[in-house]
Amino acid sequence: MYNQNTMNELPASTSDIQTSLLSKINEWQVLRAIQHRGPMSRAEVARYARITAPTASKAAESLLKAGLLEEEESTEILRGRPARKLRLPQRNAQVLGLVLDADKCRVVSAGLDGSLHDTVYEFATPDNYGLLLDTAEAYLRTALKRENVITLGLGISIPGLLDYSNQLSILSPNLPITNNHSPAQDLEKRLGIVCVQLQESHALCLAERHYGNAIGMDDFAMLDVNIGVGLGVMSGGRLLKGNRGLAGEVGHITVSPNGRRCGCGNRGCLETEASDSALVHAISQRLGRKTDIDEVLQIIASGKIEITHEIEQICRYLAIGVATVINLFNPSTLFIHGRMFAADPALFSRLLTEIEQRSLAPAFSDCHIVMARGSKRQGAIAGIIEHLFNSLLPPSMQETPSRTLPSPVSVAQR
């Protein structure tokens with residue numbers, strides 16, 4: 001690190017670069033402080049972020065001009081005048097989220113504080129990539145039309161293997177029309193706004209960390225058992241992505257060698273045997289027609305069908321997957337995201353019993369297993385907000401854990 005004397009000796013261009021870098025770091029500190037603590041005055045920001053009052057004020061002015069902060073009136077009186085609080089934009093700016101899934105896609109909007117707006121646009125997933133882009137673009141343009149509101153970016157939650165370095169979908173067994181495509185890059189060209197895409201399990205990790213049960217946690221795992229099965233691991237405040245972003249693809253571990261054919265081409269993958277879609281498939285076979293998770297849960301709740309056999313089989317295979325995660329990653333907390341547990345109130349307890357039998361005892365005893373609260377919609381929003389905040393920093397400093405700051409306040413709509 002340079003001291004002031006060293007900086008005075010540097011060429012002007014180098015000194016300017018250092019000054020600009022320090023300014024961006026200060027802006028990032030201010031944003032993180034307000035994200036963690038909620039609305040604050042400039043003086044409160046300075047104390048909380050441990051920077052000087054003039055530095056906090058300068059950073060705040062820059063962020064206000066960029067639309068990354070807005071001011072609100074406060075009932076607190078300071079020197080005879082109401083103190084103006086700085087907050088993440090709820091009124092003057094928005095971010096958009098696009099959730100891509102095998103059956104349905106959703107478009108949502110939110111404030112930069114993560115609070116979801118009421119309007120959700122939903123459409124059936126098209127059967128080709130071009131139509132997917134066209135349909136998504138049409139709904140996104142509608143969301144862009146909010147009067148007197150600037151749109152800062154779009155976050156996309158996408159299933160399957162994602163090459164983060166190239167923002168490219170490599171292999172998505174449940175959404176193959178995206179293979180070798182980049183929805184983020186293509187929609188950025190069409191819409192003219194910053195777009196970033198995240199693997200859906202990673203998006204769920206961010207949703208849980210900022211708006212769910214993992215607030216303040218730097219180390220946990222997230223197992224998504226919805227349409228497919230995916231794993232996200234947060235370690236030291238960073239998402240564990242692997243060499244190219246392919247880490248955590250546990251859904252294609254073989255648990256039943258002679259099981260149902262998976263979209264990846266293999267048979268008996270974890271996601272074909274122990275997911276919401278596995279339950280839907282089993283009930284569809286019983287009914288002799290295609291159904292979906294919403295109808296399946298309604299049928300089960302009505303008592304029209306007995307699902308003991310299906311639930312026991314799914315529980316057995318899912319326990320294998322969860323035990324594998326616990327033995328490999330030794331998480332202190334493991335969140336499970338899925339709707340199947342609404343089918344049977346006793347399912348989660350039975351699952352814990354099965355997991356204990358299949359896990360290494362020390363690893364299991366150290367792991368707290370709970371249901372997730374975050375959603376893919378919140379994950380897409382959290383993804384673009386993280387990108388906007390981290391873009392203030394040089395690559396070497398991005399995704400650095402903010403251990404010096406207390407837990408963020410939870411403001412997003414559930």
Side-chain angles (χ1 to χ4, degrees), residues 66-68 89 93-112 114 116-117 119-147 149-204 206-207 227-228 230 239 241 244-246 375-391 398:
L68 293 172
Q94 68 174 1
V95 287
L96 303 180
L98 171 62
V99 177
L100 301 179
D101 243 329
D103 54 351
K104 298 176 184 177
C105 300
R106 297 171 181 84
V107 171
V108 297
S109 62
L112 206 63
L116 295 172
H117 299 148
T119 303
V120 178
Y121 302 101
E122 186 176 285
F123 58 94
T125 304
D127 59 6
N128 69 79
Y129 183 70
L131 186 56
L132 173 65
L133 285 184
D134 291 342
T135 309
E137 180 187 0
Y139 284 106
L140 288 164
R141 287 198 179 278
T142 300
L144 284 168
K145 291 179 180 178
R146 292 186 67 208
E147 190 173 355
V149 174
I150 63 170
T151 300
L152 299 172
L154 166 68
I156 304 172
S157 168
I158 184 169
L161 297 177
L162 185 64
D163 181 350
Y164 277 96
S165 59
N166 297 305
Q167 280 286 291
L168 187 69
S169 176
I170 299 176
L171 175 64
S172 182
N174 295 315
L175 194 59
I177 60 173
T178 61
N179 289 349
N180 300 313
H181 291 291
S182 176
Q185 292 176 357
D186 293 334
L187 287 170
E188 184 165 311
K189 291 175 184 175
R190 292 185 178 210
L191 299 171
I193 60 174
V194 175
C195 298
V196 64
Q197 60 194 34
L198 295 86
Q199 201 278 339
E200 61 183 6
S201 298
H202 295 163
L204 282 168
L206 293 180
I227 292 179
L239 280 171
K241 296 178 180 177
R244 294 174 61 194
L246 311 183
S375 68
K376 292 180 184 179
R377 291 180 296 170
Q378 291 172 323
I381 293 297
I384 185 59
I385 291 174
E386 284 290 288
H387 177 78
L388 292 171
F389 286 11
N390 282 330
S391 63
Q398 291 183 12

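Keep in mind that this is a model prediction, so the values were computed, not measured.
Each of Val196, Thr178, Leu100, Leu198 was scored for a side-chain contact (heavy atoms from CB on, under 4.5 Å) with Ile156, with one residue passing: Leu100.
At a threshold of 4.5 Å between non-hydrogen side-chain atoms, the residues Arg106 and Tyr139 do not count as touching. Side-chain atoms of His117 and Arg146, non-hydrogen and from C-beta on, do get closer than 4.5 Å to each other. Two residues are said to be in side-chain contact when any heavy atoms from C-beta on lie closer than 4.5 Å; Leu140 and Leu154 meet this criterion. Inter-residue side-chain proximity for Leu132 and Cys105 is flagged as met; some heavy-atom pair is nearer than 4.5 Å. Put simply, the side chain of Leu152 does not reach to within 4.5 Å of the side chain of Ile193, judged on heavy atoms. Residues Ser182 and Asn166 have side chains not in contact (no heavy-atom distance under 4.5 Å, counting atoms from C-beta outward). Within the 4.5 Å cutoff, no side-chain heavy atoms of Val108 are placed close to those of Leu96.
At least one donor-acceptor pair under 3.5 Å links the side chain of Thr125 to the backbone N or O of Lys104. In terms of modelled atom types and a separation under 3.5 Å, the side chain of Ser172 and the main chain of Asn179 share no donor-acceptor contact. In this structure, Gln197 contributes its side chain and Gln167 its backbone to a donor-acceptor pair below 3.5 Å. A donor-acceptor pair is defined here as one N or O able to donate and one able to accept, closer than 3.5 Å; no such pair exists between the side chain of Asn174 and the backbone of Asp101. The backbone N or O of Cys195 sits less than 3.5 Å from a side-chain atom of Glu188, completing a donor-acceptor pair.
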- Item | Working for side chain to side chain contact (heavy atoms under 4.5 Å, CB included), residues Val120 and Arg377 | CA-CA 10 Å; Val120 178; Arg377 291 180 296 170; 3.4 Å; yes
- Given the rule in the side chain to side chain contact (heavy atoms under 4.5 Å, CB included) test, do Ile177 and Asp127 qualify, once you have shown the distances and angles that lead to the verdict? CA-CA 7 Å; Ile177 60 173; Asp127 59 6; 5.7 Å; no
- Task: Assess whether salt bridge (Lys or Arg N to Asp or Glu O under 4.0 Å) is satisfied between Lys241 and Asp163, documenting all intermediate values.
- Result: CA-CA 10 Å; Lys241 296 178 180 177; Asp163 181 350; over 6 Å; no
- Item | Verdict with reasoning, Leu168 to Leu162, per side chain to side chain contact (heavy atoms under 4.5 Å, CB included) | CA-CA 6 Å; Leu168 187 69; Leu162 185 64; 5.8 Å; no
- Task: Start with the C-alpha distance between Leu191 and Arg141, add both sets of side-chain angles, then the distance that settles side chain to side chain contact (heavy atoms under 4.5 Å, CB included), and finish with yes or no.
- Result: CA-CA 8 Å; Leu191 299 171; Arg141 287 198 179 278; 3.8 Å; yes
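Checked by atom type, the side-chain pair Asp186/Tyr129 shows a donor-acceptor distance below 3.5 Å. Defined by atom type and a distance below 3.5 Å, a donor-acceptor pair is missing between the side-chain atoms of His181 and Ser169. Checked by atom type, the side-chain pair Gln94/Thr151 shows a donor-acceptor distance below 3.5 Å.
For Asp103, there are no salt bridge (charged side-chain N to carboxylate O under 4.0 Å, His left out) partners at least two apart in sequence or on another chain.
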